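Below, chain A is the first sequence line, B the second, and so on; all start at residue 1. Remember, predicted model here, so these are calculated numbers, not experimental data.
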Amino acid sequence: MTDITPEQTQPAKPARPRGRLTRWWDSDVAWSFRHSPVAIVATFVVAVMSLAALLAPWIAPYHPFDPATLNLLDGFTPPMQENQFTGNVFWLGTDDQGRDIFSAILYGSRISLFVGISAVLFAMTLGVTLGLIAGYVGGWIDTLIMRVADVQLSFPSILIALLVFGIARGFIPPAYRADMAIWVLIVSIGLSDWVQYARTVRGATLVERSKDYVQAARLIGVPSGLIMLRHVLPNVLGPVLVIATIGLALAIITEATLSFLGVGVPPTQPSLGTLIRIGQGFLFSGEWWIILFPSIALLALALAVNLLGDWMRDALNPKLR
Amino acid sequence: PAAMAETLRWARSGDALTMDPHSQNEGPTNTMHHHIYETLVTRDNDGVLIPRLATEWSIKEGDPTTWVFELRQGIKFHDGADFTAEDVVFSINRVLEDTSDFKGLHAAVEGVTAVDDDTVEIKLSGPSPLYPNNLTNTFMMDKGWAEANNVTKPQDFANNEESFAVRNANGTGPYRLDSRDPGVKTEMSYFDGHWDDKPDVTKIIYTPIKENATRVAALLSGEVDFVQDVPVQDIERLSGTDGIKVTRGPENRTIFFAYDMASEKLRSASVDDNPFTKPEVREALALALDREAIQKVVMRGESIPTGVQMPPFVNGWTEELDKYEAPNTDRAKELLAAAGYPDGFSVDLNCPNDRYINDEAICQAFVGMLARVGVTANLVSQSKTLHFPLIQNRETDFYLLGWGVPPFDSSYIFNFLVHTKGDALGGWNGSGYSNADLDTKIKAIEIEVDLEKRNAIIAEIWDQIQEDRIFLAVHNQVLAYAMKDNISIAVDPENQAEMYFTKVE
Amino acid sequence: MTLLEIDRLSVAFPTRRQTFVAVNEASLMVEPGMIHGLVGESGAGKSTIGAAVMGLLEPPGRITGGVIRFQGEEISGRDEQAMRALRGARISMIFQDPLTSLNPLLTVEQQLVETIRMHLKLSEADAQKRAVELIDRVGIPQPELRVKQYPHQFSGGMRQRVVIALALCSEPEVIIADEPTTALDVSIQAQILDLIKELARERQVGVILITHDMGVIADTTDRVTVMYRGEVVESGTTEDVLGRPSHDYTKSLIAAVPRPSLKLRRFPLISYGDRAATAGIAELSTMWPDMKGDQDAPLLEVRDVSKLFIQKRAWRPSKREYLRAVDDVSFDIRKGEVFGLVGESGSGKSTVARTIATLYHANAGSILFDGVDVTALKSDRALESYRRQIQMIFQDPYSSLNPRMRVLDIVAEPMRHHKIETDPGRIRDQVEDLLERVGLGASAAIKFPHEFSGGQRQRISIARALATRPRFLICDEPTSALDVSIQAQILNILKDLQDHLHLTMLFISHDLPVVRQMCDRVGVMRHGKLVELAETNALFENPQHPYTRELLGLMPKLEGLSTEGLEIEAA
Amino acid sequence: MLTFIVQRLFQAVLVMLVVALVAFSLFRFVGDPVATMLGQEATVADREALRDRLGLNDPIAAQFGRFVVNAAQGEFGISYRLQQPVLELILERLPATLELAFVSGVLAFVFGVVLGIYTALRRDGVLSNIIMTTSLIGVSLPTFLIGVLLIWVFAVELQWLPSFGRGEVVDIGGWKTGFLTVNGLQSLILPAITLGLYQMTLIMRLVRAEMLEVLRTDYIKFARARGLTDRAINFGHALKNTLVPVITITGLQLGSIIAFAIITETVFQWPGVGFLFINSIQFVDVPVMAAYLIFIALVFVTINLIVDILYFVVDPRLRVERSTGGG
Ligand SMILES: Nc1ncnc2c1ncn2[C@@H]1O[C@H](COP(=O)(O)OP(=O)(O)OP(=O)(O)O)[C@@H](O)[C@H]1O
Ligand SMILES: Nc1ncnc2c1ncn2[C@@H]1O[C@H](COP(=O)(O)OP(=O)(O)OP(=O)(O)O)[C@@H](O)[C@H]1O
Ligand SMILES: [Mg+2]
Ligand SMILES: [Mg+2]
């Protein structure tokens with residue numbers, strides 16, 4: 001508009017929207033992504049890990065989830081060393097059941113990533129939605145939601161899992177139990193986590209909704225639902241992203257705990273978290289590799305996700321671009 | 001040297017649940033009580049009955065249903081009261097109360113009488129040659145003290161106030177209770193009125209440490225002197241550390257698998273009959289199990305593979321029974337095919353994960369071995385609180401269980417695991433196995449006084465058991481104690497570490 | 001020597017798509033005790049200069065050329081540490097946007113006391129006394145009670161005065177006042193200006209006074225600098241520039257100044273630069289709801305409405321103190337009429353507006369729109385149809401714009417929601433058209449609110465208001481931050497809409513000349529009461545209520561300006 | 001305000017009732033207490049008898065009803081596992097947990113806020129990036145692992161700090177405190193760190209995220225224009241505007257530290273309520289579980305009430321009656 005030098009006036013009248021893809025490529029978020037090495041690296045890490053998990057059956061040298069293929073005598077083989085009984089060699093060694101750690105990590109990440117991410121998403125959606133409604137609508141709805149939250153808070157995920165599991169067992173035929181486990185985990189972890197999202201969002205919403213831009217939107221006649229979604233939500237998303245990204249690792253670990261308590265996947269299919277849990281037993285006994293490599297995998301994932309979260313928060317905030 | 005006072009800091013995974021000697025028949029609780037209270041008879045580390053408060057015992061001439069106990073004289077309780085036959089009578093009766101957790105061991109008792117100050121007669125419903133075996137954890141309380149503090153019955157959960165005996169104790173044992181902070185710390189010191197010679201250890205500080213890693217760390221950092229329940233994987237490291245030594249010994253507990261041999265149809269199987277009813281299948285399972293592999297890897301050598309569901313100390317054990325066939329996958333496959341399962345079947349395997357040494361790992365290992373013969377076992381491993389009811393209520397097809405034999409006699413095993421499930425006997429018979437002939441024999445040995453004959457019957461029963469493959473025994477557990485190397489504590493098969501026998505140099 | 005010297009200063013905002021030069025080689029000087037007026041088109045870069053002097057340019061903005069000297073020493077290059085020593089203590093700035101400049105979580109007192117103690121070493125108690133004095137000094141009633149309140153409890157004008165107080169309390173040597181009086185009624189404006197003059201005269205403070213109000217320029221400043229699109233086009237003594245403007249922009253700017261004395265049919269449009277008067281409102285009016293019909297029937301009736309705000313909290317209701325922000329006010333607005341609302345700052349104008357807009361629930365009285373009592377409607381759903389027909393331009397533009405939405409979406413939102421337009425392409429066209437009309441240019445569509453100047457933000461909210469095509473428009477100080485030229489352009493649009501489509505308006509303003517031009521009838525408010533209500537001309541010719549007289553009396557006369565080429569309306 | 005609090009207290013009762021109800025309906029999924037209460041010699045008959053005596057055979061509604069009636073009279077029954085009155089059990093262990101929670105909470109909050117502000121101000125600084133990353137290691141690994149590693153380094157290798165328990169405690173009117181003895185304080189260090197790490201990182205990242213936004217607002221700009229010191233601006237002006245989400249989360253976290261510091265307390269053999277709770281779950285100690293969950297409900301209701309009140313304290317805009325607030 002008020003530029004003075006000709007070459008700058010040129011982009012002033014922005015080009016008409018082209019193809020969806022090019023438009024996305026041109027969007028500010030995409031742009032700031034292209035210009036953030038951290039974000040790119042982080043995405044790369046996440047992508048690699050997810051792919052590895054997805055393609056585990058094809059890229060993993062062994063099938064750690066198939067008991068028939070395991071030889072107990074392979075157990076506790078150190079990385080890159082010959083097993084004392086069988087003479088087999090494994091890159092990252094084996095665990096107490098003779099599973100190849102590397103393959104186990106790949107297969108385990110499938111469970112962990114799926115459960116972890118779905119649980120966090122579930123908790124986040126549920127929490128954010130309820131939080132927005134409670135904060136924006138207020139009144140008895142607010143009270144109701146918040147008291148439900150209080151009830152929820154009083155139960156640790158262990159008990160919630162037992163409850164969900166027990167109930168699920170009630171109406172799910174034995175044939176489907178195996179697949180049920182995963183969903184039980186997701187629901188239980190999600191249920192025990194949604195409150196912190198809900199309360200945070202509610203708090204922030206209480207502040208936002210009294211601001212003039214929300215009033216303006218109401219005047220324009222934007223329906224409450226959309227006001228929450230398009231006006232309030234973007235302005236309260238910051239803390240949510242923080243909690244969610246930090247929560248992922250926790251969710252993955254919780255999965256392991258619940259599985260141990262018998263409400264999750266069987267020990268014959270160890271997730272990343274379960275591998276770490278198993279490894280904890282061998283901290284002092286010299287089998288460091290059982291816990292080290294899975295922990296590294298989990299750390300890498302957690303780091304990448306958090307860095308992505310940080311970047312995204314900044315990218316979504318026009319003032320910080 | 002025994003002369004100077006020696007304090008011993010002792011850690012194990014659990015704390016005694018209560019100081020009341022009759023309300024919880026449970027490992028750590030009994031261990032603690034053995035220091036404060038005493039029993040009429042006890043065992044040495046080879047499981048042989050030896051005198052304690054009773055100097056001798058025998059079956060009354062002419063009346064095979066009555067046992068006579070001669071009591072040691074000049075025994076005093078910690079509060080100075082004398083120990084007399086009255087106290088024994090009182091204690092046995094207290095044990096018989098329905099809030100007692102030991103009444104099962106004394107089910108046969110009909111009456112207790114004090115003949116004189118140091119003779120007691122126990123009348124039983126029938127001849128019971130091995131009754132004294134059941135007394136090794138039956139502690140003697142002071143009648144006067146109990147009445148004074150109205151703790152004449154063990155704690156009743158139904159009513160709401162705490163009984164005095166839960167936190168206070170008055171026994172004849174070598175140590176008296178100084179202070180107790182449940183779950184945190186219990187202090188005991190030598191009771192110098194004790195009849196036996198003075199132990200090296202004169203003060204005990206007992207701290208439960210639940211977490212294996214922490215417990216081991218506490219020993220390594222020198223915060224405790226003696227650690228029980230040492231995780232097998234840490235034994236090597238500990239014995240490698242200088243200043244620390246580890247002693248091992250066989251435990252009186254056998255780990256075994258069992259399966260539903262009665263139901264028409266299994267709950268979780270892929271086939272719609274019950275494979276376990278077929279002898280071939282049971283044999284196949286036996287051939288699938290590679291005990292040595294489990295011992296080498298899962299147990300890190302810390303177990304004694306066995307083919308029979310009882311530890312060597314138990315009366316009835318023989319080399320012969322202990323043998324087990326070498327694993328043979330191909331043969332197993334053939335047998336399964338013969339039984340009509342050419343491509344195997346699948347079934348849930350229930351397993352505890354917080355009860356026995358590496359219980360879950362053992363199950364996992366077995367799952368692998370089964371898979372190789374074509375049986376798909378879906379492992380369901382969970383806490384003992386969820387696992388045990390499955391067995392007691394016969395809701396499992398296939399499960400792992402560990403069984404200890406406190407009386408050191410086969411009959412104990414038969415009564416609980418072999419006898420047809422009724423409300424008195426067969427309480428842990430989760431396989432539904434029922435054999436009228438065995439049941440009569442089991443009843444018979446209860447009352448058979450002639451030990452020769454009795455042992456003969458026991459042998460017969462065992463042969464039948466082995467033939468029917470009621471149990472798929474895996475191994476006998478091995479216990480390990482770790483301690484500063486200036487102390488030596490022998491491993492007790494019942495895992496009842498005894499500080500009063502501890503040597504300190 | 002010169003107190004503050006800005007020498008060929010250039011400021012640029014390098015953004016992703018373009019590097020935007022906000023200030024281009026602008027120079028000006030301030031001598032001690034001198035008031036230097038800075039006028040110019042909205043978005044010309046006036047605030048930016050201020051920010052540059054303070055070293056507080058909004059990132060990514062940065063100085064690309066020139067130097068700023070304070071008492072001879074260069075300060076443009078200095079680091080935070082060094083700048084902090086200057087800020088407040090020696091140079092201080094009155095920010096343009098009063099609402100967002102105050103910390104919402106701290107009471108006015110806390111913010112004042114903190115600043116005072118920062119600079120003048122005073123005890124807590126003395127500082128508090130000083131704070132109350134200052135609040136009183138800037139003409140806020142009941143200062144003891146007011147200082148204890150939070151910014152959101154203040155009216156627009158009051159906040160602005162708080163900002164002024166905050167800037168003055170540190171006794172600086174240079175004051176940069178960025179539109180200090182836009183939200184103030186003439187009497188208080190006069191009071192503030194006197195305060196500034198006094199400071200200049202007695203404490204030899206140098207002042208840069210950024211304003212759009214030629215009246216203010218005329219009777220306050222010694223020198224004037226005129227800016228246009230980042231460049232200084234003219235600079236000189238006030239009489240010279242106003243009396244004998246040399247540069248065309250200045251000429252047309254002065255020509256565009258609304259005259260209080262005479263009512264014109266349309267506002268004279270500026271004849272300078274590419275922004276040639278965007279003619280008729282033909283296509284803007286398409287699809288506008290038809291609002292013809294008998295003109296005398298009232299569209300909106302306000303029946304003795306009162307609005308109370310709690311002023312002193314207490315456990316027991318009886319102990320609480322309330323403020324009658326609106327004290328049973330009644331008036332009605334006929335279809336197609338422009339109803340003006342003037343009055344003292346803090347007299348309740350905005351509150352009336354918000355109450356009509358149902359953003360506040362009236363504590364008493366009722367509001368009828370087209371015969372329907374809207375105060376009875378409670379839920380948002382019930383209000384839906386009412387809100388479809390009305391629209392409001394908020395007094396404070398910035399906070400009424402969602403900081404995370406692009407201007408395109410902000411302006412397009414109503415279209416999408418009222419299904420006025422569905423096809424994205426067409427929506428975009430219309431948005432850009434609107435933006436052109438309010439003089440922002442199409443390229444504004446892809447920017448975010450924080451990238452704009454005060455006046456530009458105000459125009460965004462105007463564009464949004466127009467986009468809904470309301471039957472009834474509430475304008476709360478719609479042009480307070482606009483220079484006369486753009487103001488004229490905007491007001492003409494509104495006037496045309498009114499003429500052709502009989503758009504009804506509630507027009508709140510402090511700018512009496514503008515009110516006189518715009519409104520058919522005018523109400524005068526004071527202390528929450530409506531003290532006078534009359535036909536515009538009648539009111540201006542012979543005001544009845546003493547307060548009205550006082551107001552009109554203080555209205556700047558602007559004799560200095562030439563009147564050639566203005567079409568006077570046949571009264 | 002007063003009415004607000006009274007309402008809340010009333011709601012609290014409801015919450016606790018619901019919690020109790022849910023609790024009783026889920027206990028059967030936890031396991032069979034009788035299985036662990038009786039020795040292995042117990043016969044089927046014995047178990048049935050005990051079950052009857054404990055009323056475990058009654059319908060859940062009945063058990064719930066009985067519990068509520070007794071609880072109303074302050075009777076929470078006696079622990080199946082430890083045979084002591086439940087209330088006593090919980091109260092005995094509460095000080096340990098509260099002291100631990102207090103210390104780790106304070107650590108987490110102070111460090112979280114300070115580091116959060118720092119990393120926000122030095123957004124791209126090397127140090128702040130290091131802080132941001134390392135703090136993540138802390139939250140990405142299981143608490144158990146962190147605890148054990150700490151024990152390993154500080155208790156076993158360096159032998160600076162005790163590896164378990166809370167050391168010597170001083171009994172002040174029934175409240176056993178570890179604050180007054182040297183090794184009581186030493187014993188606090190490791191568990192407090194283990195427990196506080198997660199909360200600290202969370203708070204730190206929250207503060208940072210909010211600060212980044214607040215620092216760009218006009219009022220901060222104006223505050224700087226008035227020449228206020230960085231401290232005044234960052235802590236006085238900016239921080240206050242970041243507080244609403246921070247206190248929300250801090251509240252919740254504090255609650256869960258008090259309630260469910262299960263792993264930490266287990267690893268360090270810390271005799272607190274969390275440890276008690278996990279043991280009673282493993283033993284299906286119904287009376288303890290029931291009473292404990294109620295107690296937790298109370299804790300959370302109270303904390304959230306305080307948090308909601310803090311909202312008003314922190315942000316005056318929330319004090320306006322909802323009618324003007326809109327919505
Ligand atoms: N953060 C920013 N990013 C990009 N451009 C900006 C930013 N801030 C201001 N500008 C541009 O700089 C120009 C000058 O802005 P400035 O606020 O100085 O105008 P102004 O003279 O104060 O106008 P007004 O009288 O309306 O306040 C405007 O065109 C605006 O679009
Ligand atoms: N949310 C609120 N809480 C408490 N008091 C308020 C609130 N909003 C406005 N007031 C008070 O109500 C009175 C009227 O405010 P209002 O904004 O209507 O004044 P105004 O006429 O618009 O003034 P200005 O011309 O300065 O904008 C003022 O005294 C103000 O302090
Ligand atoms: Mg400006
Ligand atoms: Mg106003």
Phe222(D) to Ala167(C) - nearest heavy-atom pair and separation
CZ-N, 4.5 Å
Contact part of Thr100(C) toward chain D, heavy-atom cut-off under 4.5 Å: side chain, backbone, both or neither?
both
Sub-4.5 Å side-chain heavy-atom contact between Glu80(C) and Arg224(D)
yes
Report the distance from atom NE2 of His237(D) to atom CD of Glu114(C), rounding to the nearest 0.5 Å.
3.5 Å
Below 4.5 Å from any heavy atom of chain D, which atoms of His119(C) appear? Answer side chain, backbone, both or neither.
side chain
How close do Arg84(C) and Gly227(D) get, heavy atom to heavy atom, and via which atoms?
CG-O, 3.9 Å
Hey, does Pro59(C) have a side-chain heavy atom less than 4.5 Å from the side chain of Arg216(D)?
yes
With rounding to the nearest 0.5 Å, note down the distance linking NZ in Lys240(D) to CG in Leu105(C).
5.5 Å
Quick check: do Leu106(C) and Tyr219(D) have side-chain heavy atoms less than 4.5 Å from each other?
no
Exceeds 12 heavy-atom contacts within 6.0 angstrom, atom CD of Gln81(C):
no
How many angstroms lie between atom OG1 of Thr217(D) and atom CG of Asn103(C), to the nearest 0.5 angstrom?
7.5 Å
Taking atom CZ as the centre, does Phe111(D) end up with more than 12 heavy-atom neighbours from other residues, nucleotides or ligands that are less than 6.0 angstrom away?
no
Please say whether more than 12 non-hydrogen atoms of neighbouring residues, nucleotides or ligands are located less than 6.0 Å from CZ in Phe102(D).
no
Taking every heavy-atom pair that is under 4.5 Å apart, which of Asn241(D), Asp315(D), Thr229(D) has the most such pairs with chain C?
Asn241(D)
I need the minimum non-hydrogen distance between Pro104(C) and Pro316(D), along with the two atoms involved.
O-CG, 3.3 Å
Could you list the donor-acceptor pairs under 3.5 angstrom formed by side chains in residues 207-214 of chain D, with sequence neighbours left out?
from: Glu213(D); atom 1: OE1; to: Arg404(C); atom 2: NH2; distance (Å): 3.4
from: Glu213(D); atom 1: OE2; to: Arg404(C); atom 2: NH2; distance (Å): 2.5

Hey, can you pull the donor-acceptor pairs under 3.5 Å for the side chains in residues 244-259 of chain D, sequence neighbours left out?
from: Thr248(D); atom 1: OG1; to: Val244(D); atom 2: O; distance (Å): 2.6
from: Thr248(D); atom 1: OG1; to: Tyr311(D); atom 2: OH; distance (Å): 2.7
from: Thr250(D); atom 1: OG1; to: Val246(D); atom 2: O; distance (Å): 2.5
from: Ser256(D); atom 1: OG; to: Leu252(D); atom 2: O; distance (Å): 3.2
from: Ser256(D); atom 1: OG; to: Gln253(D); atom 2: O; distance (Å): 2.9

With side chains defined as the heavy atoms from C-beta onward, is the minimum distance between Lys221(D) and Glu58(C) less than 4.5 Å?
yes
